[in-house]
Amino acid sequence: MPGVDLYRNTGPEGSVDYKIYQEKEDKNLEKRTDRKDHELRKMFLKTGVISHAKGSAFIEVGDTKVEVGVYGPREIPKRSDFSMKGILSCEMKFAPFACSTRRGHQRDSEEIELGLLLKECLESTVRMNLYPKSCIDIFVTVLEDGGGVLAAAITATGMALADAQIDMYDNLVGSCISVNQGRFLADPSLDEEVSCSDAGHEQGNITIGYLNTSEQVVCLFSQGVLSSTSMDTALN
Amino acid sequence: MSLEFQALLPEEYLIKHIETGTRPDGRKLTDRRPVSIAGDNIKSADGSAIVKQGNTTVICGIKAELAKPTTEQPDQGFIVPNIILTPMCHPNIKLGPPSATAQELSTFLKDVVHASGCLNLTDLCPVPNRVAWVLYIDVVCLDHDGNLRDAAIAALIAALNSLRLPQVTFDEELEQISVSKSKSKLKILCNPVCCSYSVFHLESSEITSEENTLLADPTYAEEEVANSEISFVILEKGEICVTHQTGDRPI
């Protein structure tokens, strides 16, 4: 039988989220009620939250909660991956209760994609040439998705790597912006991120990984239909 | 000096501590670590709780879904507990499918929920034969410093206490399910508490005349070198509902 999970307790087949039976409410996204368009949400950041990890960080931005643990530099498990430069491995996982609909226990394509994006960010930030023949493992767990998850994960990973005393070129922060009908909303909440407008208007989200002092963008991830002029404005 | 001793001979290091009546972190043999529990933290989950016991941190989230009840038990809902040991909680935990420890802990959680009778499964079935709640209870371990059983049970019970479910009605004529916006708490019949001990077999013990020495609320290092482990799940009136013992020698 495909999809039978032998390792975990399973529920009945064909269980559905109860939200599909509720009446949908129209969320008014014309105007932000709690902050201005360019303002960020309140942020809480703490390092050293995992006792056994080399470095760790916990970030809370609005409702989004992400925890990152860094282990390394440690021995490469497979001898065949010998490398003079050092290997970075980045795994991201949403907790099953993190999103509005329940997530499966296995990593799906979205989590793998976000893990790869995070790894790309770090390839140019971490000085891997200083750690030959070792690997640095970064594990990201998203406890709640309230919008701007990748940006929060990038910031937390930068902090966790600093907490682990791993050499980097610069401070890494993540930031995201949502473009909706000509409005540029910095640090969108979940409703703003997923809101759809009619075709013809531009709408999309852009997340960047940014090096602070050297003013360089190490990662750019955008979703949606955006013209190049709005991309420019958003990045600035 | 003591750190090297701990790294080279962990069992000797611990036994030397036990013989004086205290443990490496300063606790007495029967002292437990301070516990803090906070409920209702995750808005995307229908019920949640986070428990911190010393360094051990677990977070429990409950997601509720609807399904058709089975024909054998048409008036009962489903409870699906699982524990997830993330690779970031301890360096020895690898990425991949759940290890034997994780599978065993998940089964333990399921046993405790059913044996303690903390929830009435018929409460989870608003419309018999048609609609039943499925509670997916996921305990995510963020930091593993020993004694996951106690922390996981505490988080599970705290999350069940914070769980809020909407009302479900079924229209027989239209064969349609409708779910209300307002939510209400579930009736929890009892709150089981788990107490775990690590058991050490000492040849000659000066403090106790018995062969076995019990350490309450063990840390990861103590669990690693212990001979066996025993846990009791106790209800409010002092009744023991589940006992669990692992190890090589009888107690």
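First the proteins, then the strands, lettered A, B, ... as listed; each starts at 1.
Below 4.5 Å, heavy atoms of chain A meet no heavy atom from residues 152-161 of chain B.
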Step through the atoms of chain B and chain A and list each donor-acceptor pair whose separation is under 3.5 Å.
residue, atom, partner, partner atom, Å
B:K43, N, A:E144, OE1, 3.4
B:K43, N, A:E144, OE2, 3.1
B:K43, NZ, A:D63, OD1, 2.9
B:S44, OG, A:F97, O, 2.8
B:S44, OG, A:A98, O, 2.8
B:D46, OD1, A:Y18, OH, 2.6
B:K63, NZ, A:C99, O, 3.0
B:K63, NZ, A:S100, O, 2.7
B:E65, OE1, A:S15, OG, 2.8
B:L66, N, A:V16, O, 2.7
B:L66, O, A:V16, N, 2.8
B:P81, O, A:N9, ND2, 2.7
B:N82, OD1, A:N9, N, 3.0
B:N82, ND2, A:N9, O, 2.9
B:M88, O, A:Y71, OH, 2.7
B:H90, N, A:Y71, OH, 3.3
B:S106, O, A:N9, ND2, 3.2
B:Y136, OH, A:S15, OG, 2.8
B:D138, OD1, A:H105, NE2, 3.0
B:D143, OD1, A:S51, OG, 3.0
B:D143, OD2, A:S51, N, 2.8
B:D143, OD2, A:S51, OG, 3.2
B:H144, O, A:H52, NE2, 3.1
B:D145, OD1, A:H52, NE2, 3.4
B:S180, O, A:Q22, NE2, 2.9
B:K183, NZ, A:Y18, OH, 3.1

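When A:C99, A:A53, A:A95 are compared by the number of non-hydrogen pairs under 4.5 Å with chain B, A:C99 comes out ahead. By number of non-hydrogen pairs under 4.5 angstrom with chain A, the leading residue of B:A45, B:P166, B:P91 is B:P91. For the options A:G146, A:G69, A:P96, heavy-atom pairs under 4.5 Å to chain B are most numerous at A:P96. Contact count versus chain A (heavy atoms, under 4.5 Å) is highest, among B:C89, B:A100, B:P69, B:A102, for B:C89.
What you find for A:L143 and B:I59 is that their closest heavy atoms are CD2-CG2, 4.0 Å.
Contact of B:I84 with chain A is made through the side chain alone, with heavy-atom distances under 4.5 Å. With a 4.5 angstrom heavy-atom cutoff, B:P81 touches chain A via backbone and side-chain atoms both. Heavy-atom distances place no part of B:L135 under 4.5 Å from chain A, backbone and side chain included. Only the backbone of A:V49 comes within contact range of chain B, judged by heavy atoms closer than 4.5 Å.
With rounding to the nearest 0.5 Å, the separation of CD1 in B:I93 from CZ in A:F139 is 10.5 Å.
Listed by first and then second residue, the ring-ring contact (aromatic ring centres under 6.0 Å, His included) pairs that reach into residues 31-61 of chain B come to none, sequence neighbours excluded.
Residues satisfying the side chain to side chain contact (heavy atoms under 4.5 Å, CB included) criterion with B:A216, sequence neighbours excluded, are B:R32, B:Y197.
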